[in-house]
K.L.:
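Provided herewith is a single structure, encoded as structure tokens, for subsequent inquiry.
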Number of protein chains: 2
Amino acid sequence: MDGIDSELRYRVQVLDRALDVLDCFTFTERELSLAEIVRKTGLNKTTIKRILSNLTRRKYLHQDPGTKKYRLGLRLFELGGIVFSSFSLRKAADHYMEYFRDKTGATVLMGTVMEDQLVYIDKREGHSLIRISSEIGWRRPLNYGMLGMVLLAYRDTRYVKKILGAYPLKPYTRNSIIDEGQFFTRLEEIRKRGYVIEREEAVEGIIGIAAPIKDYTEKTVAALGIALPIGQDKTGDLFNALANELKKACENISSNMGFKKKDSHTR
Amino acid sequence: MDGIDSELRYRVQVLDRALDVLDCFTFTERELSLAEIVRKTGLNKTTIKRILSNLTRRKYLHQDPGTKKYRLGLRLFELGGIVFSSFSLRKAADHYMEYFRDKTGATVLMGTVMEDQLVYIDKREGHSLIRISSEIGWRRPLNYGMLGMVLLAYRDTRYVKKILGAYPLKPYTRNSIIDEGQFFTRLEEIRKRGYVIEREEAVEGIIGIAAPIKDYTEKTVAALGIALPIGQDKTGDLFNALANELKKACENISSNMGFKKKDSHTR
DNA sequence: TAACTGTGGTTCATTATATGAAACTTTAAA
DNA sequence: TTTAAAGTTTCATATAATGAACCACAGTTA
């Protein structure tokens, strides 16, 4: 892609290292001690201590006075909130996300493309016992699951090829599409129907239904999806009905975002 | 408070400056050019350029290829998401927040205390035309509005005095309490009733109803509030009924958080 | 209770590394 | 076409980051 070493000439060592420190914290590793960070980064203890002191003073980290361990701080929550609030899509989709969550009891997710990756920008968690693991802010390859497929379906072939080159199709489950030809057929199908129904292709036991959201530029700017536990709906009629309803909802959201549907006779 | 210059001995200049750069971005100023950042920070152009390059490379900032302007990046959204997801209260309160939003059509807010300040950790935006301005992640003085009062009501007097010392009561509206004695009476009243009804004390035209959430430590860990547009309810009966319902809801959330109500005869 | 091990915290001489003035290159306005 | 302002790059300079070595403490082992 563009610039493997983009602007490495301007590299600032300490800053880079400080960001390495922040990178140590993840959804699963929320609390780290100085020593743990030293091990993870391989940097000198003093350097880490200095960086930690600074980040803590500026509230980018928070130190538990008792255990001395560090957590990500309030400032990151604030800055993240600024980014979060800038997704105007969220407001437009809010009502529908709740509607589908309440109707199905399942988890509803919204995702968009950022830097050639799928990013979850909002979700409504379902009440069901079967949960899919997903958090706002998580990134996935753009060819992953219902949202990825919808987002790719409306991009040109060159772009899709580029993505598949960078992130080859992986067998997440036994139903996952791993053949590129099949994948392109699938995208074609999404464009034709205006939605996707994905049966345990990303997560075992989960059926995904998703549709695209477009804005005034007529580009697909996001995808909205419902992650249902696989169930009793043998014929699939319920899923089809739900998919159509979701498609309608996404069309409404799209028109709120300024999308004007072309007259069908205009081609 | 604690350590005006906490650990300034370990100060790392570049890092501090890089964080100054991030501080330039706010909810209202989302996009900045290099020159604007230079003006805001007063630092040398080259230094800023170096810092921007690094932060951009690491996705803490994002540069618009067209306008060359910078925005806060995806990485901050991710890191913020990690902090956001760590508030388990959010999950416990989710259902009730939506319930009250749908019932009243007003905005529902949840706040907690962080570093002696009130921080909004979740919200459900109402459908009403009259909106209060509040974003997840925003901070306010702990004596501000319905959430602040509830959070302070269950703290000891010394702490409240300390907060009032640091942030004197301000006349946000003509109804705001600015007298400390009155303020303490108010807190007393909140403890007695178990909720607060605040009439245009924080925002003109808005009535706030809020109640405390406690956890297994029996401490008040958060407050949940509804911001209603001032209306036709002359007698206040509807507000009282709503307040009681909110109080009940918060008791339920509290018991989900492990709070065990003491038997009343135990005192 | 002494030796050991793994923490966090501190000092300070050394030089690698951040710095900023100045020059250069766009881009935008006049 | 000139002027101005923004963005970019270079490079000599010394400042500011570095990390080995050391201290202090707590918990564990012998």
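Heavy-atom basis, side chains included; hydrogens, waters and symmetry copies ignored. Below, chains carry the letters A, B, ... as their sequence lines are ordered, and counting in each starts from 1.
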K.L.:
Starting at atom CD1 of A/Ile51, determine the distance to atom P of C/dT17, rounded to an integer number of angstrom.
P.N.:
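In whole Å, C/dT17 P lies 13 Å from A/Ile51 CD1.
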
K.L.:
Does a donor on one side chain and an acceptor on the other come within less than 3.5 Å for A/Thr26 and A/Glu29?
P.N.:
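No.
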
K.L.:
Give a yes/no on whether any side-chain N or O of A/Gln13 is located under 4.0 angstrom from OP1 or OP2 of D/dT18.
P.N.:
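Yes, such a contact exists.
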
K.L.:
Contact list please: residues 60-70 of chain A against DNA chain C, heavy atoms, distance less than 4.0 Å, in numerical order.
P.N.:
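Nucleic-acid contacts, sorted: A/Lys68.
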
K.L.:
Do the numbers put B/Lys161 on top of the ring of B/Phe184, so that NZ or CZ is under 6.0 Å from the six-membered ring centre and no more than 45° off the axis?
P.N.:
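Yes, a cation-pi geometry holds between B/Lys161 and B/Phe184.
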
K.L.:
Using the 3.5 Å cut-off, write out each protein N or O paired with an N or O of nucleotides 25-30 of chain C and the distance between them.
P.N.:
none

K.L.:
Does A/Tyr96 have any ring pair (Phe, Tyr, Trp, His ring centres under 6.0 Å) partners at least two apart in sequence or in another chain, and if so, which?
P.N.:
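Ring pair (Phe, Tyr, Trp, His ring centres under 6.0 Å) list for A/Tyr96, sorted by chain: empty.
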
K.L.:
Please report the distance, rounded to the nearest Å, between NZ in B/Lys49 and C1' in D/dT9.
P.N.:
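The distance from NZ of B/Lys49 to C1' of D/dT9 comes to 9 Å, rounded to the nearest Å.
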
K.L.:
Can you sort out the partners of A/Glu204 under side-chain contact (heavy atoms from CB on, under 4.5 Å), two or more places apart, ordered by chain and number?
P.N.:
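So A/Glu204 forms a side-chain contact (heavy atoms from CB on, under 4.5 Å) with A/Thr173, A/Arg174, A/Glu200.
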
K.L.:
Show me the side-chain donor-acceptor pairs of residues 63-72 of chain A shorter than 3.5 Å, one per line, residues at least two apart or across chains.
P.N.:
residue : atom : partner : partner atom : Å
A/Gln63 : NE2  : A/Lys68 : O            : 3.0
A/Gln63 : NE2  : A/Tyr70 : OH           : 3.2
A/Asp64 : OD1  : A/Gly66 : N            : 2.7
A/Asp64 : OD1  : A/Thr67 : N            : 3.1
A/Thr67 : OG1  : A/Lys69 : N            : 3.2

K.L.:
Identify the pairs formed between an N or O of the protein and an N or O of nucleotides 20-29 of chain D at a distance under 3.5 Å, and give each distance.
P.N.:
residue : atom : partner : partner atom : Å
D/dA20  : OP2  : A/Asn44 : ND2          : 3.4
D/dA20  : N6   : A/Thr46 : OG1          : 2.8

K.L.:
Would you say the side-chain atoms of A/Glu36 and A/Ser33 include a donor-acceptor pair closer than 3.5 Å?
P.N.:
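Side chains of A/Glu36 and A/Ser33: pair found under 3.5 Å.
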
K.L.:
Between B/Phe77 and A/Phe87 (judged by ring centroids, cut-off 6.0 Å), do the two rings come close enough to count as a pair?
P.N.:
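Between A/Phe87 and B/Phe77, which both carry aromatic rings, the centre distance is below 6.0 Å.
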
K.L.:
Could you go through A/Leu74 and B/Glu115, starting from their C-alpha distance and side-chain angles, then the distance that decides it, and tell me whether this counts as side chain to side chain contact (heavy atoms under 4.5 Å, CB included)?
P.N.:
CA-CA 9 Å; A/Leu74 182 54; B/Glu115 290 150 351; 3.3 Å; yes

K.L.:
Quick one: are A/Leu34 and A/Ile37 in side-chain contact, heavy atoms under 4.5 Å?
P.N.:
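A/Leu34 vs A/Ile37: side chains apart.
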
K.L.:
Heavy atoms within less than 4.0 Å of DNA chain D: which residues of residues 29-40 of chain B have one? Give them sorted by number.
P.N.:
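Under 4.0 Å from DNA chain D: B/Ser33, B/Leu34, B/Ala35, B/Arg39.
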
K.L.:
Can you check whether A/Tyr60 reaches A/Ile51 side chain to side chain, under 4.5 Å on heavy atoms?
P.N.:
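With C-beta onward as the side chain, the pair stays apart.
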
K.L.:
Look up atom NZ in A/Lys260 and atom CD in A/Glu218, then write down how far apart they are to the nearest 0.5 Å.
P.N.:
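Reported value, rounded in 0.5 Å steps: 10.0 Å.
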
K.L.:
Do the side-chain N or O atoms of A/Tyr10 get closer than 4.0 angstrom to the phosphate oxygens (OP1, OP2) of D/dT8?
P.N.:
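No, because none of the side-chain N or O atoms of A/Tyr10 sits under 4.0 Å from OP1 or OP2 of D/dT8.
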
K.L.:
Rounded off to whole Å, could you give me the CG-to-P distance for the B/Leu15 and C/dA18 pair?
P.N.:
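Checked: the CG to P distance equals 12 Å.
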
K.L.:
Can a salt bridge be assigned to the pair B/Asp23 and A/Arg75 using a cut-off of 4.0 Å between side-chain N and carboxylate O?
P.N.:
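Result for this pair is yes, salt bridge flagged.
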
K.L.:
Would you please name every residue forming a side-chain contact (heavy atoms from CB on, under 4.5 Å) with B/Asp122, sequence neighbours left out?
P.N.:
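If we apply the side-chain contact (heavy atoms from CB on, under 4.5 Å) test to B/Asp122, skipping adjacent residues, the hits are B/Phe84, B/Arg90, B/Met97, B/Met110, B/Arg124, B/Ile136.
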
K.L.:
Sequence neighbours excluded, which residues qualify as side chain to side chain donor-acceptor pair (under 3.5 Å) partners of A/Arg30?
P.N.:
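Only B/Ser85 meet the side chain to side chain donor-acceptor pair (under 3.5 Å) criterion with A/Arg30.
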
K.L.:
I'd like to check the side chain to side chain donor-acceptor pair (under 3.5 Å) partners of A/Arg139; sequence neighbours left out, ordered by chain and number.
P.N.:
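Residues passing side chain to side chain donor-acceptor pair (under 3.5 Å) with A/Arg139: A/Gln117, B/Glu78.
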
K.L.:
Mapping A/Arg50 and B/Val14 to their closest nucleotides on DNA chain C, which lands nearer the 5' end?
P.N.:
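The residue closer to the strand's 5' end, by nearest nucleotide, is A/Arg50.
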
K.L.:
Please name all residues satisfying side-chain contact (heavy atoms from CB on, under 4.5 Å) with A/Asp16, sequence neighbours left out, ordered by chain then number.
P.N.:
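Result, side-chain contact (heavy atoms from CB on, under 4.5 Å) vs A/Asp16: A/Arg11, B/Asn54, B/Arg57, B/Arg58.
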
K.L.:
D/dA16, OP1 or OP2 - any side-chain N/O from B/Arg11 closer than 4.0 Å?
P.N.:
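No, B/Arg11 has no side-chain N/O under 4.0 Å of OP1/OP2 on D/dA16.
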
K.L.:
What's the CG-P distance between B/Asp20 and C/dT19, to the nearest Å?
P.N.:
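In whole Å, C/dT19 P lies 12 Å from B/Asp20 CG.
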
K.L.:
How long is the line joining CG of B/Leu43 and P of C/dA21, in whole Å?
P.N.:
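It works out to 12 Å between those atoms.
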
K.L.:
Distance check needed: D/dA16 P versus A/Arg17 CZ, whole Å only.
P.N.:
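Between P of D/dA16 and CZ of A/Arg17: 18 Å.
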
K.L.:
Taking five pairs at each end of the helix from C/dT1-D/dA30 to C/dA30-D/dT1, what angle separates the two helix axes (nearest 10°)?
P.N.:
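Comparing the axis at each end, I get an angle of 40°.
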
